[in-house]
2 protein chains.
Amino acid sequence: MKSRSYHHGDLRHSLIEMGIELIEQEGEGALSLRKVAAKCGVSNAAPYAHFKNKDGFLIAIQQHIMDLFTASLEKAFEEYEDTDRSLPMLGKAYVMFFYQNPFYYDFLFSRKNISIKLSSDDPNNRDTPPLAILKKAAISIFRKAGSPEKMIQDKITAMWALVHGLSAITTMPNVEYDDSWELRIEEIIRSISIPYV
Amino acid sequence: MKSRSYHHGDLRHSLIEMGIELIEQEGEGALSLRKVAAKCGVSNAAPYAHFKNKDGFLIAIQQHIMDLFTASLEKAFEEYEDTDRSLPMLGKAYVMFFYQNPFYYDFLFSRKNISIKLSSDDPNNRDTPPLAILKKAAISIFRKAGSPEKMIQDKITAMWALVHGLSAITTMPNVEYDDSWELRIEEIIRSISIPYV
DNA sequence: ACAGGATCTTGACAGTGTTAAGATCGTGTG
DNA sequence: CACACGATCTTAACACTGTCAAGATCCTGT
């Protein structure tokens with residue numbers, strides 16, 4: 001933590017924080033390793049001691065945002081667990097996380113080449129935490145409602161697509177919303193999920 | 001069209017085509033104005049006679065892809081007009097367009113700063129053609145089915161979010177699909193839209 | 001105490017977007 | 001038909017970027 005010594009002390013975290021700050025202020029296009037390094041009072045090549053290259057740095061930021069996303073969904077899951085609103089509220093949390101931080105959505109899903117996976121390709125079907133939480137809640141609800149087992153997969157996918165699509169739409173520039181958008185989100189999700197419950 | 005003269009003859013179109021080709025071959029990260037110019041046998045600064053800057057070039061590519069998207073939806077709309085499958089099939093066309101060209105999805109929706117709008121912010125509510133077609137078909141179906149007028153807006157948004165979300169999900173890397181994904185798309189859309197029809 | 005690894009700096013290179021200045025071409029106007 | 005003017009293209013340069021090699025500095029375990 002000493003700031004005047006040769007070694008920074010906490011450079012990795014500082015770089016990530018300053019990187020996010022820079023993107024929020026000037027947009028992702030203005031992000032450069034050199035600028036972030038300068039913001040941390042450190043030289044050009046210093047970041048290369050902590051990240052393989054710029055993509056590695058971006059992936060670290062994505063991971064950081066993904067952790068925030070996970071925490072946000074977990075909180076909503078616990079709050080409404082075993083409630084009749086559990087699924088709509090979880091979906092709303094999914095959408096609101098990005099609605100309130102549009103840059104998070106862009107940054108998490110806009111760079112296909114390096115983006116971390118939401119759904120996994122390993123044979124054990126181990127999804128990323130956010131998706132796993134959503135699926136878990138959905139399965140529970142749909143089973144309880146007596147949905148035919150063979151349709152549950154499609155319903156889960158539909159539920160995921162709905163909230164992900166709402167996230168995409170609500171973070172688009174220049175999309176118009178007549179009413180309070182936040183209130184409508186819950187109704188929209190409910191209008192889809194209710195028939196299943 | 002003469003290729004050896006000082007003037008290229010059709011540089012603007014060539015740049016766009018070569019740009020798309022380059023992205024498809026080497027990824028969007030490898031796209032540079034200089035490389036595209038070279039591919040067209042033209043010098044560094046030549047593109048600046050046709051586009052204000054790189055963003056202008058990217059916007060032109062987006063516009064080109066948007067035209068393809070519009071044509072694709074219009075075709076599906078005409079094919080299934082006044083059918084009981086019109087809305088699911090239109091939704092499927094929406095998803096399949098991007099599923100079959102994942103790079104189109106990225107390029108159209110991944111760059112918030114410059115992306116052309118799907119929904120418009122002008123008071124006349126004039127949406128972009130693809131969205132307008134989808135809304136038109138949805139309104140017609142929902143009205144015919146006797147949906148309460150004040151819920152139609154939410155249902156349309158849900159429909160849009162569903163197909164847009166499916167597009168996002170199916171173009172993600174490393175998302176696993178057990179069965180033939182194309183067939184499932186129709187069922188997923190139907191499972192949502194049927195209750196309304 | 002000190003060797004070795006982690007961290008950081010300096011300096012350099014190739015590639016990029018962009019602009020200014022000027023060369024070449026085509027085309028409408030007299 | 002001439003020719004001036006605008007559209008198109010080239011050359012040359014600038015600042016900025018990602019990245020790496022070589023070396024300086026610091027920390028930590030033994």
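Reckoned from all heavy atoms, side chains included, excluding hydrogens, waters and symmetry mates.
The residue among Lys35(A) and Lys52(A) whose nearest nucleotide of DNA chain D is located toward the 5' end is Lys35(A).
Computed from coordinates, the Leu33(A) CG to dT17(D) C1' distance equals 9 Å when rounded to whole Å. Nucleotide dA12(D) holds its P atom 18 Å from the OH atom of Tyr48(B), rounded to whole Å. dA6(C) atom P lies 15 Å from atom CZ of Arg12(A), rounded to whole Å. Distance Leu11(A) CG to dT9(C) C1': 13 Å, rounded to the nearest Å. The nearest whole Å value for the distance from the CZ atom in Phe57(A) to the P atom in dT19(D) is 12 Å. One can place CG of Asn53(B) at 14 Å from P of dA20(C), the figure rounded to the nearest angstrom. If you measure from atom CG of Leu31(B) to atom C1' of dG15(C), you get 14 Å, rounded to the nearest angstrom. Separating the CZ atom of Phe51(B) from the C1' atom of dG17(C) is a distance of 15 Å, rounded to the nearest angstrom.
No side-chain heavy atom of Val36(B) sits under 4.5 Å from any side-chain heavy atom of Pro47(B). Using a 4.5 Å heavy-atom cutoff, the side chains of Leu134(B) and Phe77(B) are not in contact.
The side chain of Val42(A) sits closest to dT9(C) out of dG18(D), dG11(C), dT9(C). Side-chain proximity of Ala45(A) to the nucleotides dT18(C), dT10(C), dC8(C) is greatest for dT10(C).
Using a 30° and 60° split on the angle between ring planes, Tyr94(A) and His164(A) fall in the perpendicular class, above 60°.
With 3.5 Å as the limit, one finds no donor-acceptor pair spanning the side chains of His64(B) and Asp67(B).
Contact annotation: Ser32(B) reaches the phosphate of dT16(C) (side-chain N/O to OP1 or OP2, under 4.0 Å). Side-chain nitrogen and oxygen atoms of His50(A) include none within less than 4.0 Å of the OP1 or OP2 phosphate oxygen of dA6(C).
Not a single donor-acceptor pair, N or O on each side, falls under 3.5 Å between the base of dG15(C) and the side chain of Arg34(B).
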Check the pair Phe69(A), Phe98(A) against ring pair (Phe, Tyr, Trp, His ring centres under 6.0 Å), reporting the backbone distance first and the verdict last.
CA-CA 9 Å; Phe69(A) 186 38; Phe98(A) 296 113; 4.7 Å; yes
